[in-house]
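Working notes for the structure below.
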Amino acid sequence: MSTLPKKFYQRDTVIVAKELLGKKLTRKIGNYEMSGTIIETEAYRHKDDPASHAFRNITDRNKVMFGEVGIAYVYFTYGMHYCFNVVAKKMKTSAGAVLIRGIVPEKGIKKMQENRNIENLKNLTNGPGKLTQALEITKEHYGIDLTKKIELYIEEGLEIKKIKKSTRIGIKDGKEMLWNFQI
DNA sequence: CGAAGGATCGTCT
DNA sequence: GACGATCCTTCGT
């Protein structure tokens with residue numbers, strides 16, 4: 001199976017967020033592989049989106065959102081969680097990223113359960129902080145290229161027909177935009 | 001069940 | 001110096 005090309009991410013952030021549903025996320029540590037299918041995403045854009053980290057200005061943290069597409073944007077929040085995003089936007093001069101909020105675990109479930117110290121599959125990777133903990137994604141992955149099959153990448157997956165739209169979670173402004181997408 | 005509150009620290013003002 | 005694109009536990013019903 002091949003990874004999604006740069007071209008895939010070089011489109012409107014909201015469209016990419018929808019189309020990432022059903023795709024396969026893989027995390028490789030040495031020979032060990034963990035993977036799952038993406039089932040929930042959120043789009044965060046630029047100046048038109050008050051909930052986005054890129055809304056105000058470019059900073060040390062958010063700078064990858066302004067750069068090349070198909071790159072990982074990982075940040076630390078609430079003093080204990082990492083969140084994993086993919087840079088996606090139509091214009092080179094703009095900014096945007098898609099937050100991966102949930103996957104269905106497939107390969108390497110045992111390791112994920114160890115990492116999270118729980119058994120229940122339902123609670124294993126059904127939240128942005130949970131999936132980074134399960135897949136051992138940290139700030140070390142900030143800025144890596146997800147189109148290359150190295151330690152973290154996204155491949156082709158299922159065709160999704162029905163998409164549920166909703167408001168994004170945990171934000172103050174920008175609630176009128178239905179940019180949370182789930183299968 | 002659902003609601004409420006605590007944990008904990010990097011980032012921005 | 002305040003707060004957050006969260007999660008988990010506890011407590012009450």
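In what follows, every chain begins at residue 1, and chains take the letters A, B, ... in the order their sequences are listed. Scope of the values below: all heavy atoms of this structure, side chains included, with no hydrogens, waters or symmetry mates.
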- Message: Could you check whether atom CE of A:Met1 has more than 12 heavy atoms from other residues, nucleotides or ligands sitting under 6.0 Å from it?
- Response: yes
- Looking only at non-hydrogen atoms, find the nearest pair between A:Asp145 and A:Ile71 and report the distance. CA-CD1, 3.9 Å
- Salt bridge check: are A:Lys24 and A:Glu106 linked by an N-O gap of less than 4.0 Å? no
- Query: Taking the nucleotide of DNA chain C with the closest heavy atom to each, which residue, A:Lys130 or A:His53, is nearer the 5' end?
  - Reply: A:His53
- Message: Tell me if a side-chain donor or acceptor on A:Thr13 pairs with a main-chain N or O of A:Ala97 at a distance below 3.5 Å.
- Response: no
- Query: Rounded to the Å, how far apart are A:Ile171 CD1 and C:dC3 C1'?
  - Reply: 16 Å
- Item | Polar side chain donor-acceptor pair, A:Asn126 to A:Lys122, under 3.5 angstrom | no
- Sequence neighbours excluded, the answer for salt bridge (Lys or Arg N to Asp or Glu O under 4.0 Å) partners of A:Asp12 is A:Arg45
- Rounded interatomic separation in angstrom, taking NZ from A:Lys175 and P from C:dA5: 11 Å
- Query: Got A:Thr138 and A:Thr132 here, is their nearest side-chain heavy-atom distance under 4.5 Å?
  - Reply: no
- Message: Under the rule for salt bridge (Lys or Arg N to Asp or Glu O under 4.0 Å), what residues qualify as partners of A:Lys107, not counting sequence neighbours?
- Response: A:Glu33
- At their closest point, which heavy atom of A:Tyr44 faces which heavy atom of A:Ile169, and how far apart are they? OH-O, 4.2 Å
- Query: What heavy-atom pair brings A:Glu42 and A:Ala17 nearest, and what distance separates the two atoms?
  - Reply: C-CB, 4.4 Å
- Query: For DNA chain C, what residues of residues 88-116 of chain A have any heavy atom nearer than 4.0 Å?
  - Reply: A:Leu99, A:Arg101, A:Arg116
- Message: I'd like to compare against my own output: the B/S/- annotation of nucleotides 3-13 of chain B with a strict under-4.0 Å heavy-atom distance to protein.
- Response: ----BBBSSSS
- Query: A:Asn120 CG to C:dC8 C1': how many Å, rounded?
  - Reply: 13 Å
- Query: How close or far is atom C1' of C:dC3 from atom OH of A:Tyr75, stated in whole angstroms?
  - Reply: 13 Å
- Nearest heavy-atom neighbours spanning A:Leu21 and A:Phe181: CD2-O, 3.7 Å
- Message: My validator wants the stems of DNA chain B: runs of 3 or more consecutive Watson-Crick or G-U pairs, both distances under 3.5 Å, written as range with range.
- Response: B:1-7 with C:6-12, B:9-12 with C:1-4
- Message: What is the separation between atom CG on A:Leu131 and atom P on C:dA5, rounded to the nearest whole Å?
- Response: 17 Å
- Just checking, is any N or O donor in the side chain of A:Tyr73 or A:His53 under 3.5 Å from an acceptor N or O on the other one? yes
- Message: What residues from residues 133-141 of chain A pass a heavy-atom cutoff of under 4.0 Å to DNA chain C?
- Response: none
- Task: Look at the side chain of A:Gln10 and the backbone N and O of A:Lys90, then say whether any donor-acceptor pair between them is shorter than 3.5 Å.
- Result: yes
